[in-house]
Amino acid sequence: MIPLMERKIIVFILIVILLASAGCVKETYDIDKFSKQVHLSPAFGLPVVRGRVTLSDFVEPSDTIIFDSDSVFVYAEAENVIRFIFSKDSIISFNLEDYYNFDDMLSYSKSFVVGELNLGSFADTIGFSLDEISMKFPQAVRDALVLLDKKTGDFPPFPAVTLDEKTYDSFTNFEYATFSDGVIEITVTNKLTIPITDLNIQLYNAAGPTPVGDPFTFASINPGQSLSDSIDLENVILSNSITAEVSIGAKLGADNVFIDLENSGIEIAIAGRDLKIKSGRVVIPVQKLTAFQQSDTISLNPGTDVEIEMIKILSDSLSYNINSLIPIPASFSFTMPSTLRDGIPITETISVNLNSTVNTNISFNNSTIDLGTITTQPYNMLPINYNVEGSSNGEMVNFNSTDEVSIEMEMLDPEIDYVKGYFGQYGDTIDTDTLDLEIEDVLQNITGSFSLLNPSISLNYQNSFAIPVEIDLDAVGYKGNDSVDIDLDPEILGYPNAPSERDVNDSYTINSANSQLPELISMLPGKIRFGGSAVMNPDGNTGSRDNYIFGNSRFLGDLEIEVPLELRINNLHFADTVDNFMQDAEIDEESPVTPEDVEYLRIQFTAENGFPLGISLTMSLYDSTSASIKSTIDATDILEAASVDSNGRVTEPAECSTELEITSEFWDAINDADKIIFNITLVTTDDGTKDVKIYSDYYIEYRAALQVKADINANLDDL
Amino acid sequence: MIRRIKYIFLLLLVVSVYDSHAQNSQVMYHMNLPQRHFLNPALRSTNSVYIGLPVISGINLNINNNFINFSDVFMNSGDSVISILHPGYELGDFIKKIKDVNAIEPQVMLQLFGLGFSAGGDLYVFLDINERVEANIALPGDILRLGFLGNEQFVGNKMDLSSLRSDVMWYHEAGLGFSKNITDRLRIGVKGKMLMGIATVSVDNRSLGVTVNEDYTHIFDADLTVNLSAPATAYMNAENTIDSVVFDDSAFDETSGIIDYFLKTGNKGLGLDIGAEYTFSDRLRASASITDLGFIKWKRDITNLKAESRFEFSGLDMLEVYNGTITFDSLANEMLDSLSNSFSVARDNTPFTTYLPFGVSVGGSYNLTKNFSVGVLSYTRFIGKQVKEALTLSANVNLGNALSTTLAYTAANHRYDNLGFGLAFRGGWFQFYFLADRIPVTWNTIKSEDFETPKPVSMIFGDNSIPIPSSWNTIHFRFGMNFAFGNNVKKKADKPMVVVQQELEEK
C-alpha cells in the first residue's frame, strides 16, 4: 500500500508531467507555408595579388627586347638610370669601292718616232805624188821635174792642172745615207817642196757620180802645211764610196828645193764627223735613241675634281706593251722617278727586238707613287723617263727616222694601301621627307606637359676615310599648329689623322647640348619632317690635298637613340573612349553567382611606390544616347609620386592606399552604357616641377585585396 | 504507415539533432535503481540481486548541444515559416547565439549485461558489461560566423579554431565493483573497469587558426593530430597530403571475422569509479564519486595523421606572371597547391592513448519522509580542457523498490529550464524504468498536411502535427528492464526504545 503522502506526491508528479507534456506549445510551424527564400550577405576579404616590381624584374641589364626584325630595344644600365636604347647596326655602311674606283686610273699610250740617229764617223786619205801630179804638168815642166828628181833644184811653178780622180776606200759603216747633220772635213797636206797656190777639190759620190757639196778651194798651202775645210752634210746624201777630183796649181815655184817625184806630193784626207742620218742603209752604232730620251708624265684620271698626290700600292703591276717598228733591237729603260719600290725608283729595262712586240709587267708591289712632283700640276701626274738604246750590232740596216715605237701602259686593280690627295667635294642629300607617326588619334586624347630631358641620337661610326665630311641634319616636329625645329648646326664627322692613324671610332651625338631634340621629342609630334645633307671637304679644295683613302677604307655607322628616363610630367592626361566591352560579356546562366548577387566589390590597393611617378585613374560608364555618365570608378592617386632629391633620385617611397568600389549601381549601369571613358593622369614628383630620374632599383611594392559583400537572394527550389 | 514511419524518423532526427549537454542521468542518482552505481559505486539499490540482460536492461541516450534550438533556426513570420536565411530575418540575432565553443555530445550506452548481488552483510558486488559510444564534437563559433558573415569581421584578429575537436570512442566496458559500509555511516564503493576499444577518432588540436591581417593577408596555422583506430587506411600522395581514406571491410566478410574484430580488439584500457556515501542521519546523506576515470591504449588499426602547417596567403605574386614564365591561371592553381601542400601530413602508426572524460558527482539528499526525499546533485564533467557543470535538484519518491520516481530540475549548459523525470516500477521480478533528464516543458509543433500523427499525439498537439521540444539543449533518456530479486526489505524485529513522534505520524 502506498502511503498517502507518497501517493499525493506521485499524483502531483504525474500531473506535472501531463501538464508539462500537454501545455506550453510555444510555436506551431506550418511547414507547408515554409518560405524557401534565402538571403546571404557575407563579406569576404581576400588578398588577391601582391608583388614587388622593379624594372630589373622585366629586363636585365643589356637585355634585349625585340620589337620587330630590325629594331632592337636594349636596356642598358648606366649609373643605374634606366635608359632605353634603340640601336640599329650598320645603318650606314659603305666601302671604298662604293665611291672610288682606282682601277684603270693609270692608262698610258704613246707612240714615238725614232728620229735621226748618229752614224759613226768615217775617214780616209788619198794622196797624189809629185810624179802623179807632174804628169799633168806641161811636158816641159814635167821633164824638168823628172830631171830634178831626187835632186835639189828649182821647182818651177806650174799652172793648175786637174789630176786623175781618185776614190777613197769605201766606208764600212754605211752604204748610203741621208745625213741630217754632220760635216765632212777635208784636210790637204802639201808635202811638196813648193807652195801650192791653187788647189780645188771636188768630192763626188762614186755612184752617180753626184757631187758632194761645193768644191773645196785652198788658195795657198805652203810646203808641209796642212789646211782643212769642211762641208755641211745636212740633207746630203752620201754613199760610202767618195771620189775626189783635184786640180792643183803652183804659181810661184820654189828655188833650190829637193824634188822627189815619188815621195812628195799632196795628201787629201776626208773625215766625216758628228754624223746624223735621216735614213739610209747604215750600221747604227750603239747609241741612245734620242727620240726616246725624254721625260714624260702619265696623267691619271681619278675622277672629276680628284687630285691625287700620292698612292701607296701594296701589290699590283704595270702592264705595258711595246710595239717596236724600228729595224734595230733596242733596250727600253723606263724610270719612274717618283715611284719608289722599296725606296728605290722603279726602273725597268726591256729588250725589244727589231720589228717586234713585247708584253710584260713591271711590279709595283710595295710601291709609292708620288703624283705631285710636277710643279705646274702637283697632282695626278706620274713622271716617267724613257731611255732607249739601240744598235744594229754591226749589221747594215735600212733605217728611216720615221720608224715608230708605240708604248702602252696600264695599271689594273691595284691593291692600294692608301691614296693621298683631294677627293673633291662630293655630297649627298637626304631628301626631305615627312614621317607620319600616325599617332594623331592618340595625341588628340593627350593633354598636359611631358618633357624628356636628355634624349640623344648618336651615330657611332668607324671611319677609315681620312676625309672631312660635314653633315647637316634638319628635322621639324609638328603637332597640330605647333612645331619645334631641332635647330642643329652642321657637324664635321671625325676622321683619322692619317697616315699614322688609319681608323677612328667616333660618335656624332645630337642631344640637348647642340639641338632642340628634347623639346622636339617632348612635344610628342605627330609628324616629323626631316632632311639633310652630307658633303665631303666642306671647305673645298684648299690645296693641301691631305685627304687619305686607304685600301680598306670603309665607313660603318650604327645608329643609337638613347632615351634616359630623365623626365618630368605635369598632368599628362590621356582620355580615351572605347566601346563598353563589359556590356557584351556573356553571363553564365548556370552560374549560381551573378553580378546582382554582389552588393559591392572593393579593391583595396596599397602600394609603396618607389617611382617618382604618380598615376590617377578613372573609369566611367557613358551612355552616348543620353550623353550622360552612368557610373564612375574613381582611383585618383592610385599611385602617388615618391619624393626626389635635387638630382632627381627618389629619397623616400610614397605610401599609397586606394579603395576602388564597384557598387551594385555600377553593375546595373553596365548594361545602360554603351561606352567606357578611361581617364589616366600621370604626374611626376611635385606636380612635374622637378626633374626626376628613373633608376633601375626603383620598385613598387603593392598589394591588392578584394572585398566582396555578397547579396545572394535565392530560392531553395532553384538550388 | 509510411507517414508514421516518417513521423518516427523525424522525431528521431529531431532528437538526434538536438544535443543536450552531456549529463550522466542526474535523475537516476537518487532513484532506487541498480544502475545508480554507474553514477556512484557506493550507491546501491535495495534489491538483493539484479540481473541486467543484454540491451533490454539499459539503453542510455544522451545528446547535448549548447547553442541551437529549432526556434533558433526556424521562426514564424506572418503567415509563413522562415529560416534564418530568409531575407526578412535579422541574421545578427542568430549570430549572437553562437558561442565560442559549440559543442555536440552524443553518448550511447547499451548495457549488455548487469549483475549485482549482496554478498553478505553490507557488501554489494556488481558486474556490468556495457557497450559505449561517446562523442564530443566541438565547433568553434568562428567557423559558423565565417560561413554566415564572411571574414570581414575578423580583420585584425584571429579566427581561433583551436577549440575544434572531435573525439569519438566506441569501446566495451566490463566493470567489477563492490560497495561496503566502512563505518556505520560511511559507505564506499569501487568499480574497476576493463575497457576494450573498438574504434576511435581523436583529434588532438594543439593549434588551429586563421589570422586575418589589416591588409587581408591570411595566415593559416595548424598543428593537430588525428589519431585513428579503425579499419581504414589513409593513402598519401607525393605531396604528403591525404589522397584518400579507404575503409577496409575485409575483416567483416565473415562472422568469425566480425566476432574477432569486436572481441579481440587489442585496444585495452582500464577505468575506475570510486565513490562514497556518508549518512549523517536517517534523513541526511551526502555522497560523492568520481566516475569514468580511465584510459584506453589504442594499438589496433592505428593511423596517426599529424598535420602541421603554417601558410601565409598574401595574394598571388605576380612577378612570374608579368615575367611571362607562368599564366595567371597556373599561378592560382599553384597557390592552391601550395596551400594544400603546406599541410604536410605525416602518417604514422604509433599507438596512442585516450582518456575517458571523467565526472565528479557530489550530492546530498534529505528524507522528508521515509519514502520522499529531496536531493541535490552536482555533476562536473571533465572533457579534455572543458569543464561542464550541472546542478540538479530533485524530489524523489522511493517506495522500497516497487516504485521509484523522481522529478528533477537541472541547471546546466546555461539553461535553467531542464525538468527531468524518472520512473521505475517493478512488476514481480521485472523492474521497468524510464528516465529523462530533461522533459520538454515547452513544445513546438511542426505541422504539415503530409503528417499523420497518432491519435494520442494529435489529441494533445493537434492534427498533422509533430511535437518537438522547443529547447534542444539536452536530450536524454534511459530506459530498460532489470530482473530484480530480493526486493523485500527486512523489518526490524526489535522495537525502538524511543519512538519519534514523526514516526508515529507516519505510521
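Here is the naming used below: chain letters follow the sequence lines, and residue numbers restart at 1 for every chain.
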Here the gap from A:Ile31 atom CD1 to B:Phe451 atom CZ, rounded to the nearest 0.5 Å, amounts to 6.5 Å

Any idea which of A:Ala704, A:Ala705, A:Ala43 has the most non-hydrogen atom pairs under 4.5 angstrom with chain B?
A:Ala43

Electrostatic pair A:Arg703-B:Asp215, nearest N-O below 4.0 angstrom:
yes

To the closest 0.5 Å, what do you measure between OG (A:Ser35) and CG (B:Asp79)?
11.5 Å

Count the heavy atoms of every other residue, nucleotide or ligand shown that sit under 6.0 Å from NZ of B:Lys158, and state whether that count exceeds 12.
yes

At what distance, to the nearest 0.5 angstrom, does OG1 of A:Thr28 lie from CD1 of B:Ile446?
10.0 Å

With a cut-off of 6.0 Å (strictly less than), are more than 12 heavy atoms of other residues, nucleotides or ligands near CD of A:Glu659?
yes

What distance do A:Phe34 atom CZ and B:Asn76 atom CG have between them, rounded to the nearest 0.5 Å?
11.5 Å

Residues A:Pro47 and B:Tyr216: closest non-hydrogen pair is CD-O, 2.7 Å

Which value, rounded to the nearest 0.5 Å, describes the distance between B:Ser80 atom OG and A:Asp32 atom CG?
11.5 Å

Options A:Lys36, A:Gln707, A:Lys709, ranked by heavy-atom pairs under 4.5 Å with chain B, top entry:
A:Gln707

Can you tell me which portion of B:Ile84 sits under 4.5 Å from chain A's heavy atoms? Options are side chain, backbone, both or neither.
neither

Under the side chain to side chain contact (heavy atoms under 4.5 Å, CB included) rule, what do A:Tyr29 and B:Thr445 come out as? Steps first, then yes or no, please.
CA-CA 6 Å; A:Tyr29 300 91; B:Thr445 56; over 6 Å; no

Against chain B, label A:Gln604 side chain, backbone, both or neither, depending on which of its atoms sit under 4.5 Å from a heavy atom there.
side chain

Less than 4.5 Å to any heavy atom of chain A: does that hold for the side chain of B:Ile82, its backbone, both, or neither?
both

Can you tell me how far apart NE2 (A:His39) and NE2 (B:His86) are? Round to the nearest 0.5 Å.
11.0 Å

